[in-house]
Amino acid sequence: MSEALTHVGSGKVRELYALDADRLLLVASDRISTFDVVLPTEIPDKGRVLTGLSAFWFARTAEFVPNHLLAVRDDGRSTECRRLEMLPIECVVRGYLSGSGWKDYLTTGRVCGHELPSGLVESQRLPEPIFTPATKAVTGHDENIERSVAVELIGESRYDEVEAVALALYAFVSDQAREHGIILADTKLEFGLDENDRLVLGDEAFTPDSSRFWPADQYRPGGAQPSFDKQFVRDYCEALGWDKTPPGPELPDDVVEGTRARYVEAFETITGIEFDAYLADPEVVLA
Ligand code: Q0Z
């Protein structure tokens, strides 16, 4: 049977629909982006891997903070969620110096107002994880902001709460990932408020699209690290000499298959659950 749902939002690789006044349906497609461009070729099951990982972590972190997850559908790529009033900041935690954190450090010696030791190299582990909020850009890139700017947006007590919760979540998940040979370099979390103004974790959490996962056995500080999931795609695009403006190139079968295998490997390594078991019954990640 088909149900006509109201489409309420599009991300680069996900879609959001209204189920009713209180519930949303979040659908993860198999689309992949690299260098900020969505490619014309899909990676089969990528959306299921991300949905399964996110649900796995929602189930295991509910003791730290409630989350929006209500149900994972049988298709493995759609989740029913509580509709929240989302906070207008991205909540990023960084345990390692990479991406925009590394860029800001090179320019200023600081990241979001956190004064860091001098002489750090790219991808180096930080003395301790830092909370580095960013604005939500509608188009273009999120912009890192200092505490004072984020406090103007959400208030001081809410800021202190999301910072503490985000750091606790990062500590819990990064410890577990490290035990499975994966470094969680950084992660982006999105929080909202429920009808009682209580803080709730929303969106996706601890997926390769919202986090940097690095294979620990290949970790070499002093430069950019290979990505657990997208490295074949990046290497292929670099070798082509594509100028990284749309449209992106189509991917050959071996790059698609290698990348799918990396996503499935990430799922199985992190969760300890066989991906086939997830396909047979997506609720296995909630146990
Ligand atoms: C998430 C996004 C996507 C486009 C809004 N539980 C929630 N309550 C209210 N709003 C959201 C959520 Cl998750 C919400 N986004 C991000 C996701 C497509 C935009 F799949 N926007």
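When a ligand or atom number is given, it counts from 1 through the structure's own listing order.
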query = Do D142 and T135 have side-chain atoms, one donor and one acceptor, less than 3.5 Å apart?
reply =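 No, because no side-chain N or O of D142 sits under 3.5 Å from a partner of the opposite role on T135.
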ask   = For residues D75 and S78, is any side-chain donor paired with an opposing acceptor at under 3.5 Å?
value =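 There is such a pair between these side chains.
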inquiry  = Can you give me the closest heavy-atom contact between Q124 and V121, atom names plus distance?
reply    =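 Shortest heavy-atom contact: OE1-N, 2.9 Å.
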query = Who are the side chain to side chain contact (heavy atoms under 4.5 Å, CB included) partners of E80, not counting sequence neighbours?
reply =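 Partners of E80 under the side chain to side chain contact (heavy atoms under 4.5 Å, CB included) test: L19, R23, L25, L70, A71, R73.
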inquiry  = Residues around ligand 1, heavy atom under 4.0 Å from any ligand atom, sorted by chain and number. Can you pull those?
reply    =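 Within 4.0 Å of ligand 1, the protein residues are G9, S10, G11, R14, E15, L16, L24, L26, H68, R82, R83, L84, M86, D203.
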Please list, one pair per line, the donor and acceptor atoms closer than 3.5 Å that link side chains of residues 197-208 to other protein atoms, with sequence neighbours excluded.
residue	atom	partner	partner atom	Å
D203	OD1	R14	NH2	3.3
D203	OD2	R14	NH2	3.2
E204	OE1	T207	OG1	2.9
T207	OG1	D209	N	3.2
T207	OG1	S210	N	3.2
T207	OG1	S210	OG	3.2

Let me check something: any side-chain donor-acceptor pairs from residues 213-221 under 3.5 Å, sequence neighbours excluded? List them with distances.
residue	atom	partner	partner atom	Å
Y219	OH	S123	O	2.7
Y219	OH	R125	N	3.3

